[in-house]
Amino acid sequence: MDALLVVMTTFPDEASAEAAIDGMLAGRLAACVQQMAPVRSSYRWQGKRETSVEIPLIIKTTAARYGALEQYIKEHHPYDVPEIVAWPATAALPAYARWVEDETRGQLHV
């Protein structure tokens, strides 16, 4: 069984988040994407403090699809440097992990 990953990214608005979700699912890059409530992010960018409201996405995929998922996000994201972080799921219901693997298997459609 392929390793299950949980990936997090943020988008600046619901429209761009929804478009990304559609592409990730259609491309079989993710089995499930959870769109979270808007958050207020504060960070340093190009030497100064910034604050923005963002839409977090929690993405379930496999290690085998991570590279293609990362590339998709970079190509379809409006930020120069989008947040893309991934964690291995060290434990998961086996049936759920199989479902994620089944949903991300096969021909990429991106």
Side-chain angles (χ1 to χ4, degrees):
M1 187 175 303
D2 196 6
L4 177 65
L5 296 181
V6 178
V7 180
M8 181 178 174
T9 190
T10 58
F11 277 81
D13 54 62
E14 286 193 38
S16 62
E18 281 294 326
I21 291 167
D22 288 345
M24 289 177 213
L25 293 175
R28 301 184 77 85
L29 301 172
C32 174
V33 182
Q34 294 171 310
Q35 180 176 323
M36 310 301 281
V39 297
R40 184 178 181 94
S41 297
S42 298
Y43 50 91
R44 291 188 52 80
W45 179 248
Q46 298 180 339
K48 61 184 206 179
R49 185 181 191 274
E50 300 282 341
T51 300
S52 59
V53 174
E54 299 178 303
I55 307 298
L57 301 181
I58 306 297
I59 305 157
K60 271 61 108 223
T61 192
T62 59
R65 286 295 199 235
Y66 177 78
L69 173 64
E70 180 183 89
Q71 188 63 37
Y72 178 87
I73 294 169
K74 288 188 324 188
E75 289 175 1
H76 294 87
H77 205 289
Y79 294 171
D80 292 335
V81 182
E83 172 186 16
I84 307 171
V85 292
W87 297 271
T90 57
L93 179 69
Y96 181 80
R98 277 192 303 277
W99 173 78
V100 171
E101 189 172 27
D102 289 347
E103 287 301 310
T104 57
R105 186 178 320 184
Q107 185 83 18
L108 287 174
H109 303 285
V110 289

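Scanning all heavy atoms of the two residues, the minimum distance from G23 to Y72 falls at CA-OH, 3.1 Å. The two atoms that bring A31 and W99 nearest to each other are O-CH2, 3.2 Å, heavy atoms only. Minimum interatomic distance between P38 and I55 (heavy atoms only, all atoms of both residues): CG-CD1, 3.7 Å. Closest approach of L4 and A92 over heavy atoms only: CD2-CB, 3.6 Å. Nearest approach of M8 to W87, heavy atoms of both residues: CB-CZ3, 3.7 Å. For Y79 against F11, the heavy-atom pair with the smallest separation is OH-C, 4.3 Å.
Checked by atom type, the side-chain pair R49/T51 shows a donor-acceptor distance below 3.5 Å.
For the atom pair NE2 of H76 and OG of S16, the computed distance is 12.0 Å after rounding to the nearest 0.5 Å. Within the model, atoms CD1 of I59 and CD1 of I84 stand 8.0 Å from one another, a figure rounded to the nearest 0.5 Å. How far CD1 of I73 is from CE of M24: 4.5 Å, rounded to the nearest 0.5 Å. Here CZ of R105 is found 11.0 Å from CZ of R98. Values are rounded to the nearest 0.5 Å. For the atom pair T10 OG1 and M36 CE, the distance stands at 13.0 Å (nearest 0.5 Å). In this structure, CD in Q35 is found 11.5 Å from CD1 in I58, a value given to the nearest 0.5 Å.
Distance alone, capped at 3.5 Å, places no donor-acceptor pair between the D2 side chain and the T62 backbone. Without hydrogens or angle criteria, R65 side chain to E101 main chain gives no donor-acceptor distance under 3.5 Å. With hydrogens and angles ignored, the 3.5 Å screen pairs a side-chain donor or acceptor of T9 with a backbone N or O of E83.
Linking ILVMFWY side-chain heavy atoms closer than 4.5 Å, directly or via other members, places L69 and L5 in a single hydrophobic cluster. Both L25 and L57 are members of a single hydrophobic cluster when ILVMFWY side chains are connected at heavy-atom separations under 4.5 Å.
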Worksheet item: Could you go step by step and tell me if E50 and K48 meet the side-chain contact (heavy atoms from CB on, under 4.5 Å) rule?
Response: CA-CA 6 Å; E50 300 282 341; K48 61 184 206 179; 2.9 Å; yes
Fill in: Derivation and outcome, side-chain contact (heavy atoms from CB on, under 4.5 Å), residues L29 and T61
CA-CA 7 Å; L29 301 172; T61 192; 5.5 Å; no
Discussion item. Does K60 form a side-chain contact (heavy atoms from CB on, under 4.5 Å) with E103? I'd like the steps, not just the answer.
Written reply: CA-CA 10 Å; K60 271 61 108 223; E103 287 301 310; over 6 Å; no
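Other cluster members for V81: Y43, W45, joined by side-chain heavy-atom distances under 4.5 Å among Ile, Leu, Val, Met, Phe, Trp and Tyr.
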